[in-house]
Amino acid sequence: MGLDVTWAVKWLTLSAQAMAEHRVELIELDRAIGDSDHGENMDRGFQAVLDKLAETPPETPGAALKLTAMALMSKVGGAAGPLYGTAFLRAATTLGDAAYIDAASLAAALAAARDGIVARGKAETGDKTMVDAWTPAVDAAAAAAADGDTLAVLIAAAEAAEAGAMATDPLVARKGRASYLGERSAGHRDPGAASSALILRAAAGAAA
Amino acid sequence: MTVRIVVVSHSDKIADGAVELAAQMAPDVMMVPAGGTSDGRIGTSMEKVMAALETAAGADGVVVLTDLGSAVMTAESAMEFAEGSGTVLLADAPIIEGLVAAAVAAQGGASVHAVRRAAEATHGYPAPRPKAENYAAAATAGKEPGTQTAAGQAAGEPEPLAPDASGDFELVNLAGMHARPAAKLAGGLSALDADVTVNGVDGASMTGLMTLGAGKGSVLHVEAYGPDAERAVEYVAGLVRDGFGEP
């Protein structure tokens with residue numbers, strides 16, 4: 001057993017809900033250090049994901065994530081589109097046609113997603129980007145995967161991502177538009193790290 | 001057929017306009033704009049870029065020009081999605097100057113790598129003197145054993161090599177070295193297997209050539225290195241002699 005396509009669809013649905021609920025919060029975070037479109041973009045992107053899921057219901061978790069990648073890349077518009085798009089695409093590629101995801105392949109898919117974000121955005125840990133949420137999440141997921149419990153992996157990832165996002169508050173941005181602000185970017189949470197934590201929390205919520 | 005070009009911009013007007021501009025100098029090159037989001041806002045769209053890549057896909061390859069940050073990421077993502085559909089190269093170049101230079105090079109029949117090189121040369125840095133080791137391989141493949149030895153000995157030494165071919169040509173057209181001649185010159189030179197300097201700037205760089213500010217009566221001093229060095233000098237000679245086809 002393990003996580004199936006029902007989980008994947010629920011994850012994406014909960015992610016869309018989270019983006020809608022936190023739209024204003026993400027806009028506020030992005031207004032402080034970016035161009036205040038992150039909440040808007042993510043909300044629109046995940047609404048497009050919901051449309052696609054309704055249009056062509058996927059048969060495997062991998063297919064659901066691939067469809068998500070395409071929708072986000074097409075509809076988000078800002079840098080978050082290709083970054084999340086690449087993350088979901090790489091995760092989908094790792095999962096392949098499998099009908100069920102076990103703890104080990106879940107951890108591997110999360111790592112592939114993070115690697116995709118790093119490859120696309122060229123950001124490193126500590127640059128005050130979504131990588132600062134993803135890397136702790138990937139590490140926590142890998143550690144939790146040893147016990148073989150997918151829910152435990154997702155909870156560990158979500159908690160680590162939330163802690164990682166909070167830890168971006170004091171950082172000075174070195175990538176993306178926030179880096180133009182230099183020292184003034186400190187004291188604000190990175191919006192991409194915040195939305196990443198929401199998405200990983202939704203993944204855990206869908207498995208509970 | 002020629003190399004084809006995809007232009008990715010945050011604005012559909014910029015992408016369309018850039019293509020329109022470049023098409024004046026390269027009427028036979030297929031250029032596909034992919035600007036703005038699918039719903040007409042400012043941004044880049046994976047869907048649009050993928051559709052453009054599909055339209056442009058061809059045997060001779062595709063060069064992609066982009067504007068700001070996330071356009072690069074969208075283009076890279078689209079290339080990752082569309083993998084396996086022929087050679088697609090992303091050029092790191094200013095979108096307008098790069099596109100014009102790339103289009104002119106493609107019009108001249110340059111290979112996909114040469115077209116990208118033409119685009120990237122528009123950064124406008126003066127060409128560094130080619131180092132001996134760059135041409136050690138070329139010399140080995142060359143016909144003159146003498147050159148081969150000379151190149152081999154020079155490898156690793158700081159001294160620059162003497163050019164393989166050179167020449168001085170006086171500009172005869174009224175307007176001198178303006179945009180169109182610079183595009184012709186850079187486009188043709190970037191299609192050749194040679195490093196060429198014109199009065200010290202990179203001959204494959206359209207913007208570099210324009211910074212020379214060379215008017216009618218100015219003399220272009222050309223130095224060329226590499227297997228196509230002689231052809232490169234002849235190419236410049238021919239264009240200058242004909243006044244770039246202008247009065």
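What you see is a predicted model; the values in this text were computed from it and never measured. Each chain gets a letter, A, B and so on, in the order the sequences are listed, and its residues count up from 1.
- Heavy-atom minimum distance, B/Ser70 versus A/Pro82: O-CG, 4.2 Å.
- Counting only heavy atoms from C-beta outward, the side chains of A/Arg44 and B/Arg41 approach each other to under 4.5 Å.
- Contact count versus chain A (heavy atoms, under 4.5 Å) is highest, among B/Ile42, B/Val49, B/Thr44, for B/Thr44.
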- Message: Could you go through B/Met50 and A/Met73, starting from their C-alpha distance and side-chain angles, then the distance that decides it, and tell me whether this counts as side-chain contact (heavy atoms from CB on, under 4.5 Å)?
- Response: CA-CA 11 Å; B/Met50 286 193 70; A/Met73 288 205 218; over 6 Å; no

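- Residue A/Lys122 places its NZ atom among more than 12 non-hydrogen atoms of other residues, nucleotides or ligands, all under 6.0 Å distant.
- Few gaps surround CZ on A/Arg23; more than 12 heavy atoms of other groups in view lie less than 6.0 Å from it.
- Between chain A and the options B/Ala75, B/Ser45, B/Ser77, heavy-atom pairs under 4.5 Å are most frequent for B/Ser77.
- In A/Glu55, the CD atom is crowded: over 12 heavy atoms of neighbouring residues, nucleotides or ligands sit closer than 6.0 Å.
- In this structure, chain B has heavy atoms under 4.5 Å from both the backbone and the side chain of A/Lys75.
- With a 4.5 angstrom heavy-atom cutoff, B/Thr37 touches chain A only via side-chain atoms.
- The CE atom of A/Met70 lies 5.0 Å from the CE atom of B/Met46; values are rounded to the nearest 0.5 Å.
- Closest heavy-atom contact between A/Ala79 and B/Met73: CB-CE, 3.5 Å.
- Distance CD/B/Glu80 to CG/A/Leu89: 5.5 Å, rounded to 0.5 Å.
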